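Along the sequence shown, residues are numbered consecutively beginning with 1. Because only heavy atoms are used, hydrogens play no part in the values below, and waters and symmetry mates are left out as well, while side chains stay in. Computed from a prediction, not measured in an experiment: that's the story for all the values here. Ligands are counted one by one from 1 in listed order, and the atoms in each one are counted from 1 as well.
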Amino acid sequence: MGSGSGQWSVENRAPVRNDSVVSEYVPETGCLSIIVLGASGDLAKKKTFPALFHLYRQGFIQSQDVHIFGYARTKISDDDLRARISGYLTPCKGCERTHDEDVTQFLQLIKYVSGAYDTEEGFRSLDKAISEYELSKNSTEGSSRRLFYLALPPSVYPSVCKMIKSYCMNKSDLGGWTRIVVEKPFGRDLDSAEELSAQIGELFDEPQIYRIDHYLGKELVQNLIVFREDFGTDGRGGYFDQYGEVVLGQYEGYTDDPTVPDNSNTPTFATMVLRIHNERWEGKALNSRKAEIRVQFKDVPGDIYKCKKQGRNEFVIRLQPSEAMYMKLTVKQPGLEMTTVQSELDLSYGQRIRGDQQHFVRRDELKAAWQIFTPLLHKIDRGEVKSLPYKPGSRGPTQADQLAEKAGYVQT
Ligand code: NDP
């Protein structure tokens with residue numbers, strides 16, 4: 001969670017969104033209630049509350065104007081919830097206050113309400129608790145902000161959204177807002193994702209919905225947008241017109257795990273070739289391997305330096321294990337001779353990336369992603385695409401390299 005271009009912010013100045021309209025920047029003065037639904041669960045305990053604690057330690061959550069509510073069916077007290085999560089609140093390096101002091105004060109911001117996900121009674125109790133807190137802060141109803149974080153299985157999203165819409169909305173549009181944050185997975189395939197999007201979309205406008213994809217939250221991925229703009233062309237509107245041939249692999253011994261069915265076809269490795277057809281990317285071959293994306297530039301027709309070739313120019317985006325983005329470029333070797341050498345232009349290793357902006361998935365992006373992968377996933381489910389065996393610790397199935405070669409990729 002964090003501030004961003006038109007995203008949720010707990011800072012004093014943030015874009016005001018009265019439902020679908022992002023208007024001018026004005027100070028947000030009302031108090032903020034963060035409501036974690038599914039507070040008894042694993043995600044809430046291990047990730048959501050620790051992330052909120054992190055924001056608190058960094059000063060993004062101020063105790064005077066932010067309160068946190070946990071909501072779930074499990075009947076526990078405020079202190080029970082606090083005890084569950086306290087072990088996951090890790091110490092902060094270099095913080096002035098002591099860790100114990102931070103934890104104690106942070107936990108005091110948390111209140112727990114128990115209730116079902118589909119009954120009026122539970123959500124009325126939740127609304128009452130939030131409203132009481134808002135009144136205690138002398139915040140007029142209209143300027144208060146309510147952020148609902150659904151740390152729940154997606155099957156519950158529609159009913160929970162209905163309940164929020166019916167009983168827990170911020171009551172006025174005088175500068176306040178209500179937003180919901182949902183976690184992956186957003187469906188199993190295109191149809192189920194579209195159904196879920198439609199159900200939530202009936203209740204909330206797209207600017208009120210924040211779909212978290214942890215890859216999009218990675219700073220490097222966010223930097224791609226900046227990088228794309230550096231090219232100076234309009235990148236929007238591009239489309240993938242097909243999903244490539246694909247090589248899937250499964251490491252030998254995967255099915256020895258007693259929890260994995262003997263006949264499992266689940267891939268643990270994938271190499272795929274995706275082709276993008278738009279003006280912006282014309283003439284480039286895209287190869288994706290593990291958590292790395294390589295855009296290899298084809299040979300220039302009539303290359304005058306052919307005899308001293310250094311390899312193709314390549315743009316590499318590595319998402320993991322350590323984030324990196326660099327360009328392998330053939331450049332002129334300094335000196336009098338007209339010779340070439342391959343050099344790396346390191347654009348954004350981790351330490352160079354700045355900012356804590358996070359991105360979320362919009363409905364049309366989600367749809368586009370599912371449109372690409374659903375046909376493949378269905379083929380896997382039907383057993384029409386088999387995972388090829390490969391040795392643990394190897395580069396994966398040899399067929400993957402063959403596929404890349406067939407798609408015009410040259411090892412450099
Ligand atoms: P849990 O299974 O722990 O569910 C969270 C809470 O939801 C439970 O404590 C339970 O609360 C309630 N719940 C569980 N099943 C149901 C059900 N069938 N109907 C109604 N309520 C139910 O899930 P997680 O916390 O692990 O994950 C929540 C969401 O986040 C999921 O969509 C998951 O895929 C996603 N996610 C999880 C990650 C993780 O690290 N755990 C990472 C990334 C995404 P109660 O019974 O008290 O109401």
Side-chain angles (χ1 to χ4, degrees), residues 1-2 8 34-55 68-90 110-127 129-130 147-168 179-189 191-200 203-204 209-218 221 259 266 291 319-320 358-361 363 365-366 369-370 373 377:
M1 283 187 275
W8 171 58
I34 300 170
I35 303 104
V36 180
L37 297 131
S40 58
D42 190 63
L43 178 75
K45 179 174 67 179
K46 292 184 183 157
K47 301 274 193 239
T48 315
F49 285 113
L52 292 171
F53 179 58
H54 194 65
L55 290 175
I68 299 168
F69 296 86
Y71 183 91
R73 296 171 304 185
T74 305
K75 293 201 180 339
I76 48 173
S77 67
D78 293 349
D79 283 340
D80 290 337
L81 179 67
R82 292 169 186 156
R84 277 182 189 217
I85 61 179
S86 61
Y88 293 91
L89 308 179
T90 50
I110 300 173
K111 184 173 170 51
Y112 181 76
V113 179
S114 168
Y117 300 114
D118 55 358
T119 63
E120 178 179 336
E121 192 192 355
F123 282 83
R124 282 205 186 278
S125 309
L126 181 61
D127 182 63
I130 302 169
L147 181 81
F148 291 87
Y149 187 103
L150 276 58
L152 286 163
S155 55
V156 200
Y157 291 176
S159 72
V160 165
C161 287
K162 246 182 233 165
M163 292 294 130
I164 294 170
K165 181 80 181 186
S166 303
Y167 305 108
C168 294
R179 296 176 191 163
I180 64 160
V181 182
V182 293
E183 273 282 348
K184 262 188 151 183
F186 316 121
R188 295 176 314 281
D189 56 14
D191 287 348
S192 56
E194 276 292 279
E195 190 186 335
L196 188 59
S197 290
Q199 284 168 331
I200 300 178
L203 301 162
F204 295 96
I209 306 166
Y210 294 77
R211 298 177 188 83
I212 290 188
D213 179 318
H214 296 274
Y215 262 100
L216 292 186
K218 279 182 180 272
V221 175
T259 61
T266 301
L319 300 171
Q320 56 187 31
Q358 292 219 2
H359 284 182
F360 297 81
V361 190
R363 182 174 174 175
E365 293 168 326
L366 183 64
W370 278 120
F373 288 104
L377 295 172

| query | For Leu203 and Pro158, which heavy atoms make the closest approach, and how far apart are they? | reply |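 So the minimum-distance heavy-atom pair works out to CD1-O, 4.2 Å.
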
| query | Do Val182 and Leu196 have side-chain heavy atoms sitting under 4.5 Å apart? | reply |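 Not in contact.
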
Using heavy-atom distances only, which candidate in [options] approaches [atom] most closely?
atom                    : options                      : value
atom 10 (C) of ligand 1 : Pro185, Ser40, Ala44, Gly41  : Ser40
atom 48 (O) of ligand 1 : Tyr117, Phe186, Tyr71        : Tyr117
atom 37 (C) of ligand 1 : Asp42, Val182, Leu43         : Leu43
atom 28 (C) of ligand 1 : Gly38, Ala72, Ala151, Gly115 : Ala151

| message | When you compare the side chains of Tyr157 and Gln199, does any donor N or O come within less than 3.5 Å of an acceptor on the partner? | response |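 The criterion, which ignores hydrogens and geometry beyond distance, is not satisfied for Gln199 and Tyr157.
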
| message | Does ligand 1 come near enough to Thr74 that some N or O of the ligand is less than 3.5 Å from an N or O of the residue? | response |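 Right, the criterion is met.
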
| request: Starting from the C-alpha separation in whole Å, work towards a yes-or-no answer on side-chain contact (heavy atoms from CB on, under 4.5 Å) for Leu52 and Tyr149. | output: CA-CA 11 Å; Leu52 292 171; Tyr149 187 103; over 6 Å; no

| Quick one: does ligand 1 sit under 4.0 Å from the side chain of Arg73, the backbone, both or neither, non-hydrogen atoms only? |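 Both the backbone and the side chain of Arg73 come within reach of ligand 1.
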
| query | If you measure from each non-hydrogen atom of Val156 to ligand 1, which part falls under 4.0 Å: side chain, backbone, both or neither? | reply |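 Under 4.0 Å from ligand 1, Val156 contributes side-chain atoms alone.
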
| task | Decide if atom NZ of Lys45 counts as having more than 12 heavy atoms of other residues, nucleotides or ligands within a radius under 6.0 Å. | result |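 Yes, because the 6.0 Å sphere around NZ of Lys45 holds more than 12 heavy atoms from other groups.
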
| Backbone of Ala116 reached by a side-chain donor or acceptor of Tyr71 within 3.5 Å |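 Here the side-chain-to-backbone pair exists.
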
